[in-house]
Amino acid sequence: MSGLEAPRPMVKAEGVYKSFGRLEVLKGVDLEVMPGEVVVIIGPSGGGKSTFLRCINHLEKINAGRLWVDGELVGYRQKGDKLHELPDKEVAYKRSEIGMVFQSFNLFPHMTATENVMVAPVQVKGENKSQARERARTILERVGLAAKADVYPARLSGGQQQRVAIARALAMQPKLMLFDEPTSALDPELVGEVLDVMRELAESGMTMIVVTHEIGFAREVGDALLFMAEGVIVEFGKPREMVANPQHERTQQFLSKVL
Amino acid sequence: MTADPGAPQTVAEPESRAGRQIRAIAARHPRRWVATVLVIYLTVALIHAAITNPNLDWGVVTRNMFHGFVLRGVVNTLWLTFLSMVVGVVLGTLLAVMRLSPVRIISGAAWVYIWFFRGTPVFVQLLFWGSIAALTGQRVNVHIPLTGIVLFHASITNLVPPLVAAVLGLGLNEGAYMAEIVRAGILSVGEGQTEAAASLGMTRLKTMRLVVLPQAMRVIIPPTGNETIGMLKTTSLVGATIAYPELTYVVTQVYAVNFLIIPWLLIASIWYLIMTSVLTFGQYYVERFFARGGAQTLPPTPLQRLRALFERTFTTIHAPEATGPLGGIFRRR
């Protein structure tokens, strides 16, 4: 970071706190993700990984702390020392700039692969239909699914569905991609094809936050690895070093079970 | 199968499998035979009685099936059903979305509406509408001989003409039922779908229109078909409450004059059966349309099924009755 201006972090979290009723899920998370960085989050279930991801595109509202994406507060606008909740439309617009990939794919079952990919560019961005269709085909080709362009999701394997889901998110030309355990619902033999697409995406310079149990992916692709448990970031560092030599006892426990 | 160590076991030859097939004499079911004969006897007896009973007067029925008044009644009934269902579906969708609103007043208002219209008989509601139509109208003719029905075309000048009153009466009531059906449909669409739509930047309204409702249709269509068929029959109440000449109204007016009650009611019944049958048929194809993208292969259409039946009937299959451990239990679909 030797430029004249320090680059602005793509995601910045300061003491992010979130609870569902009495259940405290995030207890003060601090994080900075720079543009082009791939941050991998690992940790036990219920540790708050997914919730943190969902806070970033405001699918969940945080109760305390601050969260910025590309320098702008998530879900709020600050005027003086007061926070104003953003209207639905602006929240929607902000979300359109952040891609999200879910564990259960969540493709729209009543649309073909191409329609899934083009629906948001057309309906949200007002892109021309034929142009969006063409672009959808190109993106599907990029994830290796040109042959399945006119197929409904029910006829696709899990790996193919997840690749369509990635294509759908990419069609909005996001500046940040969030992956919520993208391979956890897949048969072991299908995991590779999804990880390959993600690896390529990372190489193309996309900023990514990936919640996963794929330590191999974290080691090879990740720029930073976070271990999250009980609502806090227990340990973070360079993936290779951290996997090889975890410092914290809790991390050691977890990694010994996963590896 | 005895494992042959060393040589990998392959799929059994078709011949050897056929050799192992069970060939048994089918179990007898004497009680089924008795019941079958009894049912056939009763059916024949009923048809015989219906044909020979002079009170039914089939001559009157067949002569008047396509009488001008009857046909006009049929058309009016269909028109009334269509309009009322349009009002019901639009209103029902609106109410369903309102009920799911996070704003208490809005969801509460929808709840009260549904509570009121589901909680009072539609007949009573129609009587209200009828009295309003009668109040503001010039004078609603009850005294109609066979020719008098034409008069109602002239009543457009009324503030609430009978058709409007009937459509409002039926449609507003239907809206309450449709609201629950649409709501069930909306709730049947998983949360992951709305989240995916939201993450793509869709607003609530767009998510509803593009993602949720099209999927909810699969759940909404079958009961809506039932509602439509129910509506078709409920329109017969209009004749007794609002002077709008739908089928039942026409028929009652006719037999009020000629006293041929049973045959004219038969005419109406036959027409209702025809109309509901056509609707059932149509519903089937609408359901297929909204099932697209589903994991299951679609069931065959009636026409396809008919062809399959034809082929089955004329191709004799030589197969033993019991083909598995469960015997013939699942033989019939």
Asker: Between Arg168(A), Glu97(A), Lys94(A), which residue shows the highest count of heavy-atom pairs closer than 4.5 Å to chain B?
Answerer: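 Answer, by heavy-atom pair count under 4.5 Å with chain B: Arg168(A).
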Asker: Other residues, nucleotides and ligands only: do more than 12 of their heavy atoms fall within 6.0 Å of CG on Leu273(B)?
Answerer: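 Counting other residues, nucleotides and ligands, CG of Leu273(B) exceeds 12 neighbours.
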Asker: Name the member of Leu107(A), Ile98(A), Val91(A) that forms the most heavy-atom pairs with chain B at distances under 4.5 Å.
Answerer: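 Highest number of pairs under 4.5 Å: Leu107(A).
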Asker: Identify whether the distance between the nearest side-chain nitrogen and carboxylate oxygen of Arg54(A) and Asp180(A) falls below 4.0 Å.
Answerer: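 No salt bridge links Arg54(A) with Asp180(A).
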Asker: For Tyr76(A), is the NZ or CZ atom of Arg66(A) found under 6.0 angstrom from the centre of its six-membered ring and inside 45 degrees of the ring axis?
Answerer: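 No, a cation-pi geometry is absent between Arg66(A) and Tyr76(A).
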Asker: Where along residues 116-142 of chain A does a heavy atom come under 4.5 Å of chain B, listed by residue number?
Answerer: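 Within residues 116-142 of chain A, the residues that come under 4.5 Å of chain B (heavy atoms only) are Val119(A), Ala120(A), Gln123(A), Val124(A).
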Asker: Relative to Phe20(A), does Lys18(A) satisfy both conditions: NZ or CZ under 6.0 angstrom from the six-membered ring centre, and within 45 degrees of the ring's axis?
Answerer: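 Relative to the ring axis of Phe20(A), which defines the angle, Lys18(A) lies inside both limits.
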Asker: So, Arg218(B) and Glu287(B), do they make that salt bridge, N to O below 4.0 Å?
Answerer: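 Salt bridge between Arg218(B) and Glu287(B), a charged N being under 4.0 Å from a carboxylate O: no.
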Asker: Under 4.5 Å from any heavy atom of chain B, what part of Phe108(A) do you find: side chain, backbone, both or neither?
Answerer: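 Both parts, backbone and side chain.
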Asker: Locate the shortest heavy-atom distance separating Met208(A) from Phe179(A); write the atom from each residue and the value.
Answerer: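 Where Met208(A) meets Phe179(A) most closely, the heavy atoms are CE-CE1, 3.4 Å.
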Asker: Does a side-chain N-to-carboxylate-O contact under 4.0 Å join Arg77(A) and Glu85(A)?
Answerer: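 The answer is no: the pair does not qualify as a salt bridge.
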